[in-house]
Amino acid sequence: MTDESTFNGGQVTHQSFTRIAPFYDALMRGVPYEMWVGYFELLCVQNDHTARRVLDVCCGTGTMCELLTEKAYFLTGVDISTPMILSARTKAAGKGLRIDYFDQDIAQMSLGSKFDTAFSFFDSLNYITDPGQLRQGILRIAEHLGPGGLFMFDLNTEFAFTNQMFDQQQLTRKAAVRYRWKSKYDADARICTVKMDFWAGEPEEHFVETHIQRAHSPEEIRSWLTEAGFEEIRSYNSYTLDKPTRTSDRVHYTAIRR
């Protein structure tokens, strides 16, 4: 359920990826998805892995699913946001692409299929702020991979949150979606709360979503992956094959299912 109340003349949405869903692709227009696809394939090569049946965890509106489908992979997408999944299904149908989409919480994910590869890009797993839920989600992902299956994902780091890298704005009138984001990081709880003001639509409407992420530590991630039956756990300064540093704002991980 979405909890809404008035705020500065707009609507405050305490659940993320609800009101923004119809405008999400316009918001993400500058994101280098083609580069992400290349990095996905590079990480497969780096792990001597052949991907065919691929699960996109926290798939959003399905742009990565579409690009990988067009490269002859077989994609399934899962996301907890029903509005985002509805958008993904509409887009795929309009393009004649066969992609299975499910609106499920990954901590209870049950798709009735096994995959060669699972991935989750663009800090999606940071949104799972309960460590127990992310631990359970990793266990469920492992259950959906066969032996030798590859799981790759990225996470925003504590460095990104403490340096307020979520504080962004795009307020020019010509922008398809105008926004102003302001973050606050609680170091004790490892929680970053971002108040996101948006102006979008025709006529333009103002609404607010509050997005909350957690800085999961490398030690936690490695422990949960190991518990779930993954090995050969590797981490990279994102979009490279270099090792992370203390100033890495985003880290990619890969792990192989035993």
- Is the shortest side-chain N to carboxylate O distance from Asp25 to Lys91 below 4.0 Å? yes
- Query: Ignoring hydrogens and geometry, is there a side-chain-to-backbone donor-acceptor pair from Arg214 to Pro131 under 3.5 Å?
  - Reply: no
- Task: Take Leu43 and Tyr236 through the side-chain contact (heavy atoms from CB on, under 4.5 Å) test and state the conclusion after the steps.
- Result: CA-CA 10 Å; Leu43 291 180; Tyr236 308 89; 3.8 Å; yes
- Would you call Met196 and Thr210 a side-chain contact if the rule is heavy atoms closer than 4.5 Å? no
- Task: Kindly give the heavy-atom pair with the smallest separation between Ala215 and Asn126, and that separation in Å.
- Result: CA-ND2, 4.4 Å
- Item | Any donor-acceptor N/O pair, Glu204 side chain to Gly201 backbone, under 3.5 Å | no
- Counting N and O atoms only, with roles assigned by atom type, does the side chain of His144 sit under 3.5 Å from a partner on the main chain of Arg140, one being a donor and the other an acceptor? yes
- Any side-chain donor near an acceptor of the partner, Glu209 and Thr18, under 3.5 Å: yes
- Side-chain heavy-atom pair Thr76, Phe115 within 4.5 angstrom cut-off: yes
- Item | Beyond-backbone contact of Ile85 with Phe102, side-chain heavy atoms, under 4.5 angstrom | no
- Check: Ala142 main-chain N/O paired with Arg257 side-chain donor or acceptor under 3.5 Å: yes
- Item | Between CG on residue Leu111 and CG on residue Asp100, distance to nearest 0.5 Å | 9.0 Å
- Task: Take Arg178 and Gln169, measure what side-chain contact (heavy atoms from CB on, under 4.5 Å) needs, and give me the verdict at the end.
- Result: CA-CA 8 Å; Arg178 298 190 301 129; Gln169 65 178 32; over 6 Å; no
- Nearest heavy-atom approach of Ile99 to Ala92 is CD1-CB, 4.4 Å
- Just by distance, with hydrogens left out, do Gln170 and Thr172 show a side-chain donor and acceptor under 3.5 Å apart? yes
- Query: Atom CZ of Arg180 and atom CG of Leu171: how far apart are they, to the nearest 0.5 Å?
  - Reply: 6.0 Å
- Message: Could you tell me if Asn156 and Asp123 have a donor-acceptor pair between their side chains, going purely by distance under 3.5 Å?
- Response: yes
- Can you run down the side chain to side chain donor-acceptor pair (under 3.5 Å) pairs that involve residues 127-137, sequence neighbours left out, and say none if there aren't any? Tyr127-His211, Arg135-Glu227
- Task: Taking Asp79 for its side chain and Cys59 for its backbone only, find out whether a donor-acceptor pair lies under 3.5 Å.
- Result: yes
- Task: Write down the atom of Glu220, the atom of Ser217, and the distance for their closest heavy-atom approach.
- Result: OE1-N, 2.9 Å
- Shared ILVMFWY cluster between Leu27 and Val194, side chains joined below 4.5 angstrom? yes
- Message: Nearest 0.5 Å, please: how far is SG in Cys192 from CD in Glu158?
- Response: 10.5 Å
- Look only at the side chain of Thr226 and the backbone of Arg222, and say whether a donor-acceptor pair between them is shorter than 3.5 Å. yes
- Any chance NZ of Lys114 has more than 12 other-residue heavy atoms, nucleotides or ligands included, within less than 6.0 Å? yes
- Message: Centroid separation under 6.0 Å, is that true for the rings of Trp36 and Tyr33?
- Response: yes
- Message: Would you say that Phe198 contacts Val177 through its side chain, given a criterion of any heavy-atom pair below 4.5 Å between the two side chains?
- Response: yes
- Counting distance only, does the side-chain N/O of Ser238 pair as donor-acceptor with the main-chain N or O of Arg250 below 3.5 Å? yes
- Note on the structure: When rounded to the nearest 0.5 Å, the distance separating CZ of Phe74 from CG of Asp116 is 10.5 Å
- Item | Interatomic distance, His216 atom NE2 to Leu134 atom CG [nearest 0.5 angstrom] | 4.5 Å
- Given the rule that I, L, V, M, F, W and Y join up when any side-chain heavy atoms are under 4.5 Å apart, are Ile20 and Trp199 in one cluster? no
- Message: With ring pair (Phe, Tyr, Trp, His ring centres under 6.0 Å) as the criterion, how do Tyr73 and Phe40 come out once you've worked through the C-alpha distance, each side chain's angles and the decisive distance to 0.1 Å?
- Response: CA-CA 12 Å; Tyr73 299 97; Phe40 169 92; 5.8 Å; yes
- Salt-bridge criterion met for Glu66 and Lys71 (N-O under 4.0 Å): no
- Message: Apply side-chain contact (heavy atoms from CB on, under 4.5 Å) to residues Thr63 and Met28 and explain how you reach the verdict.
- Response: CA-CA 10 Å; Thr63 301; Met28 300 284 281; over 6 Å; no
- Asp186 side-chain N/O to Asp188 backbone N/O, donor-acceptor pair under 3.5 Å: yes
- Item | ILVMFWY network linking Leu68 to Met35, side-chain heavy atoms under 4.5 angstrom | yes
- Item | Shortest non-hydrogen contact from Gln108 toward Gln104 | O-OE1, 4.1 Å
- Pairs satisfying ring-ring contact (aromatic ring centres under 6.0 Å, His included), at least one member in residues 151-176, at least two apart: Phe151-Phe153, Phe151-Phe230, Phe153-Tyr253, Phe161-Tyr185
- Note on the structure: Here the pair of heavy atoms bringing Ser248 nearest to Val251 is CB-CG2, 4.1 Å
- Among the clusters formed by ILVMFWY side chains lying less than 4.5 Å apart, do Ile256 and Leu145 turn up in the same one? no
- Results of side-chain hydrogen bond (donor to acceptor under 3.5 Å, both in side chains) for Thr157 - residues two or more places apart only: none
- Between the side chain of Asn237 and the main-chain N/O of Thr240, is any donor-acceptor distance below 3.5 Å? no
- Task: Compute both the distance and the angle, then confirm whether Arg89 meets the cation-pi test with Tyr101: under 6.0 Å from the six-membered ring centre, within 45 degrees of the axis.
- Result: no
- Task: Compare every heavy atom of Ser87 with every heavy atom of Thr61, then report the nearest pair and how far apart it is.
- Result: CG2-OG, 3.7 Å
- Cut-off 3.5 Å, side chains only: do Asn47 and Glu232 have a donor facing an acceptor? no
- Message: Between Ser183 and Lys195, do the side chains contain a donor N or O and an acceptor N or O under 3.5 Å apart?
- Response: no
- Message: Is a donor from one side chain sitting under 3.5 angstrom from an acceptor on the other, for Tyr39 and Gln46?
- Response: no
- Within a strict 4.5 Å, meaning less than it, do heavy atoms of the Leu241 and Leu42 side chains meet? yes
- Message: Measuring only between side-chain heavy atoms, which start at C-beta, is Met109 closer than 4.5 Å to Ile141?
- Response: yes
- Query: Thinking salt bridges, do Glu70 and Lys95 make one under a 4.0 Å N-O criterion?
  - Reply: no
- Item | Hydrophobic cluster identity match, Leu225 and Leu125, side-chain contacts under 4.5 Å | yes
- Side chain Ser223, main chain Glu219, donor-acceptor under 3.5 Å: no
- Does Leu150 reach the side chain of Thr254, with side-chain heavy atoms less than 4.5 Å apart? yes
- Are any of the side-chain heavy atoms of Thr117 and Arg53 separated by less than 4.5 Å? no
- About how many Å separate NZ of Lys184 and OG1 of Thr193, when rounded to the nearest 0.5 Å? 8.5 Å
